Amino acid sequence: MDPEGKENKEKQRKQGGFKTMPFILANEMCDRFATTGFNANMITYLTQNMHMPLVEASNTLTNLKGTTSLTPLVGALIADSFAGRFWTIVAGSIIYQLGTISLTISAVFPSLHPPQCNPHQTCQKASEWQLFIFYASLLFIAIGSGGIRPCVVPFGADQFCLNGTQATGRRGFNFFNLYFFSMGLAVLLALTLVVYVQDNLGWGWGFGIPTMAFFFSVIAFMVGKPFYIKIKPSGSPLTRLAQVVIAAFKKRNVVRPDDLNMLYQDKELDADISVDGRLLHTNQLQFLDRAAIVTEGDMLPSGRPNLWCLSTVHRVEELKSIIRILPIWAVGILLFTTRSHNQSFAIQQAHIMDRHMSRHFQIPAATLSIFTNLCMLISLAIYDRLFVPLVRRFTKRPSGITYFQRMCFGLCISIMSGVSAALVERKRRNAMNLHGVSISVFWLVPQFAIHGIDETFMEVGYMEFFYDQSPESMRSTATALFWLASSMGNFLSTALVSAVQNYTKNKGDWLQDDLNKARLDKYYWLVVGLQMINFGYYILCARFYNMKPLEVIEDDKGIEGSTIAKEEVELGSATKTEGNLV
C-alpha cells in the first residue's frame with residue numbers, strides 16, 4: 001500500500017468510537033441542561049415575573065416548545081444537503097449561545113422586565129419592548145436548537161459506523177439508550193440545581209448558569225474535532241424526493257413493466273447515498289415506480305440520466321420509505337400534545353399544594369419533573385441491563401423486543417399517567433374546596449414517575465424507528481421528524497387549550513387562573529380520551545407496516561488488503577412481522 005493510503009488508514013483508525021462521546025454528548029447534554037433550565041420553571045417566570053395570565057402563559061410556553069421543535073427540520077435539511085452534521089451543530093450552538101446570553105441579560109437588567117408586583121396595586125404587564133427582547137431571545141434559542149437536535153443522534157452513530165440495525169443492537173449496546181440516558185442526567189441536574197437557584201437566588205443566576213454551561217460545551221465540542229468521523233453530505237434529500245415525484249407524474253400514462261428488472265438501476269450513481277446498501281424494490285405505492293421506467297429522452301448526451309425524468313429504484317424507494325414512516329410518525333403528534341400539561345398546569349397545581357419537606361424547606365414546584373427523569377434513568381438501566389438480556393433468550397432478537405412493541409408499551413403507560421393526573425386533581429380540588437386542606441404535592445409524583453417510564457419505552461423506540469427505517473442519506477432529516485412531531489404536538493396543545501377555554505367559558509370554565517374554581521380534572525379526562533384514540537390508531541398503523549427491504553453490505557474488516565463481502569438479504573421479508581407487533 002502506498003504511504004498516502006497508509007496515512008489515511010491510520011487517520012481513520014484514530015477517528016470515531018467511544019472516545020468521541022464525551023465531546024458529542026457534552027454538547028447535547030448542555031443543550032438539554034440549558035433548555036430544561038429555561039423551560040422547566042418558565043411557567044413561573046411568565047406568570048410571576050412577566051405577569052401573564054395562566055392560559056396566555058401556558059400557550060406561550062407550548063408555542064415556544066413547538067417552535068424549538070420545528071426548527072430541527074430546517075437544520076436537518078441544511079446538514080444533509082450541504083453543510084454536514086458537524087458544522088451544522090457548530091453553527092446552531094453559536095446561535096443558541098446568543099439566545100441564552102440575551103435571555104439572561106433581560107432577566108438581570110430591571111429595564112428589560114416588569115417591576116415586581118406591589119401588594120396594593122395591579123401587576124404591571126411587560127411592555128412591547130420588553131416582550132420583544134424576551135421573544136427575540138427565545139427565537140435565537142429555537143433556531144440554535146434546530147442546528148443541534150437533529151444532528152447529534154446521527155452524528156454520534158456515525159462515530160461507530162453504525163447503520164440503523166447495528167445502532168439498535170448488533171454491536172452489544174443500544175446507542176439510543178445511551179443517548180437518552182445522558183439526556184436524562186442533564187435534565188436531572190437542571191431540575192435540581194437550576195430550578196432551586198431560580199426560586200431562591202433569582203432569575204439572573206437561574207438563567208446565567210445554563211448559559212455558562214452551554215458555553216463550555218461548545219468549546220468541548222470544538223476541541224474534539226480531530227477525533228470525529230465526518231460524513232460528507234450527499235445533496236438535498238428534498239431535491240431527490242421532488243425529482244421522483246415529478247418523474248413519476250411525467251410518466252403517469254406509461255405502462256409499468258411486468259418484469260421489474262427493467263426498472264432503472266445505477267449503483268455508481270447511488271454510491272454516495274447507499275453506503276450501507278441499496279434499497280430494494282417494494283410493491284407498495286406502485287405509481288411511483290413509473291419514475292424508474294426508462295423512456296426515450298431520459299438520458300443526457302453524457303450517458304447519465306436526467307434525474308427530473310428518470311430515477312433509480314433506490315431513489316424511488318427512498319420516497320416510499322418516508323411515506324411509509326408518516327402514519328406512525330403522526331402518532332407522536334398527539335402523544336406530545338397530551339404530555340404538554342406536565343410543564344404548565346401541573347406546575348401551577350404544585351404551587352398551591354403543600355410543598356414542605358421539612359419545617360423550613362419547600363420543594364420548588366418545577367422540581368417535580370425530577371421524578372420523571374429519575375424514573376426514566378432507572379427504567380432505562382433496568383431495560384438495558386436486565387429486561388433485554390432476559391427477553392432476548394425467548395425472542396432471539398439482539399434488541400429483546402422490536403421498537404414497535406416498545407412503542408406499544410409506551411403508549412399504554414402514557415394513558416396511565418393521564419388517569420393519575422385526573423384522579424389526583426379531583427382529590428386536590430375537593431380537599432381544598434370542601435375541607436380547606438392543601439394536600440401534599442407528592443400526590444403529583446405518580447403522574448410524573450409514570451411519564452418517565454413511558455419515555456423509556458415510547459421516545460427511545462420512536463427515535464429507533466426513525467433512524468432504522470429512514471434512508472441512510474436522510475437520517476438527520478428523519479431524526480428531525482421526532483422533533484417535528486413534538487413541535488406540532490405543542491402547537492396542537494395550544495389549540496386544544498384555547499378551544500377548551502372558549503367552549504367551557506360559559507359552562508364552568510375548566511381552565512382559569514384560580515385552579516380551585518377551575519375543572520382541570522375534566523381537562524385531564526379529555527386528554528385520556530385522546531390518548532386512547534391515539535393508541536388505537538397506532539395499533540392499526542403498526543399492524544399494516546412493512547419494513548424497508550435493504551441490500552446489506554457487510555464489511556469484514558481483517559488484515560490489510562482484505563476484501564469486502566457483499567451479501568444481499570431482503571430484510572423486508574425477514575423482519576416483516578415487526579410491523580405486526582409479534
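Counting begins at 1 with the first residue of the sequence. From a predicted model like this one, the values you see are computed outputs, not experimental measurements.
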Exercise for the section: Taking salt bridge (Lys or Arg N to Asp or Glu O under 4.0 Å) as the test, write out the residues that go with E455, two or more places apart. Expected result: none

Handout entry: Atom CZ of R355: over 12 foreign heavy atoms under 6.0 Å
Key = yes

Exercise for the section: May I ask you to decide if M376's main-chain N or O and S379's side chain share a donor-acceptor pair within less than 3.5 Å? Expected result: yes

Which atom pairs, one a donor and one an acceptor, fall under 3.5 Å between side chains of residues 205-216 and the rest of the protein, sequence neighbours left out?
residue	atom	partner	partner atom	Å
T211	OG1	T100	O	3.3
T211	OG1	T104	OG1	3.0
T211	OG1	F207	O	2.9

Practice task
Tell me, yes or no, whether the heavy-atom count around F140 atom CZ, taken from other residues, nucleotides or ligands under 6.0 Å, exceeds 12.
Solution key: no

Practice task
Would you please test F465 and F482 for ring-ring contact (aromatic ring centres under 6.0 Å, His included) and show each step?
Solution key: CA-CA 10 Å; F465 169 74; F482 178 95; over 10 Å; no

Practice task
Find the distance between CG (L377) and CD1 (I382) and round it off to the nearest 0.5 Å.
Solution key: 11.0 Å

Completion exercise
What one should report as the nearest heavy-atom pair of S93 and V218 is CB-CG2, 3.7 Å

Practice task
Starting from the C-alpha separation in whole Å, work towards a yes-or-no answer on side-chain contact (heavy atoms from CB on, under 4.5 Å) for Q349 and W443.
Solution key: CA-CA 11 Å; Q349 287 174 265; W443 278 96; over 6 Å; no

Problem - Side-chain heavy atoms of N516 within contact of R429, under 4.5 Å - result: no

Handout entry: Short side-chain to backbone donor-acceptor contact, S438 and I352, under 3.5 Å
Key = yes

Practice task
Dump the intermediate steps for side-chain contact (heavy atoms from CB on, under 4.5 Å) on M407 and I328, then the final yes or no.
Solution key: CA-CA 10 Å; M407 287 189 283; I328 291 182; 4.3 Å; yes

Practice task
Return yes if some donor-acceptor pair links the side-chain N/O of Y524 with the main-chain N/O of L423 below 3.5 Å, else return no.
Solution key: no

Completion exercise
When every non-hydrogen atom of S470 is compared with those of F466, the smallest separation belongs to OG-O, 2.8 Å

Handout entry: Pairwise side-chain contact, S127 with L131, heavy-atom cut-off 4.5 Å (strictly under)
Key = no

Practice task
Flag the pair W329 / M488 as yes when at least one side-chain heavy-atom distance between them is below 4.5 Å, and no otherwise.
Solution key: yes

Problem - I453 side, atom CD1; Y383 side, atom OH - distance, nearest 0.5 Å - result: 14.0 Å

Problem - Distance (rounded to the nearest 0.5 Å) between L444 CG and M353 CE - result: 4.0 Å

Exercise for the section: Check the pair W129 / L112 against side-chain contact (heavy atoms from CB on, under 4.5 Å), numbers first and verdict last. Expected result: CA-CA 8 Å; W129 168 247; L112 297 180; 3.7 Å; yes

Problem - Within-4.5 Å side-chain heavy-atom neighbours: S145 and Y96 - result: yes

Problem - Non-hydrogen side-chain atoms of I105 and I133 separated by less than 4.5 Å - result: no

Exercise for the section: With the side chain counted from C-beta on, respond yes when Y45 and M50 share a heavy-atom pair under 4.5 Å apart, and no when they do not. Expected result: yes

Fill in the blank from the handout: Output for pair (L334 CG, N534 CG), nearest 0.5 Å, gives 4.5 Å

Show which side-chain atoms of residues 409-422 pair as donor or acceptor with protein atoms under 3.5 Å away, not counting sequence neighbours.
residue	atom	partner	partner atom	Å
S414	OG	L411	O	2.7
S417	OG	Q447	O	3.0

Practice task
Report yes or no: does T372 contribute a side-chain atom to a donor-acceptor pair with the main-chain N or O of G452 at less than 3.5 Å?
Solution key: no

Exercise for the section: For Q130 and S111, indicate whether the former's side chain and the latter's backbone hold a donor-acceptor pair under 3.5 Å. Expected result: yes

Handout entry: Side-chain donor/acceptor of H51 to backbone N/O of T47, under 3.5 Å
Key = no

Exercise for the section: Could you pull out the closest heavy-atom pair between G332 and A485, with the gap in Å? Expected result: C-CB, 4.1 Å

Problem - Under 3.5 Å: donor-acceptor pair, side chain of H113, backbone of S106 - result: yes

Practice task
Taking the side chain as every heavy atom from C-beta outward, state whether E459 and F336 have any atom pair closer than 4.5 Å.
Solution key: yes

Problem - For L103 against S137, the heavy-atom pair lying closest together - result: N-OG, 3.4 Å

Exercise for the section: Taking all non-hydrogen atoms of both residues into account, name the closest pair between A186 and M29 and its distance. Expected result: CB-O, 3.2 Å

Problem - From CA spacing to verdict: side-chain contact (heavy atoms from CB on, under 4.5 Å), I148, T88 - result: CA-CA 7 Å; I148 300 170; T88 304; over 6 Å; no

Handout entry: Intermediate values then yes/no, ring-ring contact (aromatic ring centres under 6.0 Å, His included), Y403 and Y462
Key = CA-CA 7 Å; Y403 37 69; Y462 198 52; over 10 Å; no

Exercise for the section: Rounded to the nearest 0.5 Å, what's the gap from CD on Q97 to OG on S102? Could you check? Expected result: 11.5 Å

Exercise for the section: Would you indicate whether the side-chain heavy atoms of Y538 and C408 approach each other to under 4.5 Å? Expected result: yes

Problem - Under 3.5 Å donor-acceptor, R85 side chain and C151 backbone - result: no

Exercise for the section: Can you measure from CG (L526) to CD (Q531) and round to the nearest 0.5 angstrom? Expected result: 10.0 Å

Completion exercise
Nearest heavy-atom approach of V108 to G204 is CG2-CA, 3.7 Å

Problem - Check: G489 main-chain N/O paired with S493 side-chain donor or acceptor under 3.5 Å - result: no

Handout entry: F387 atom CZ: more than 12 heavy-atom contacts under 6.0 Å
Key = yes

Exercise for the section: Without swapping roles, check the side chain of R406 against the backbone of T456 for a donor-acceptor pair under 3.5 Å. Expected result: yes

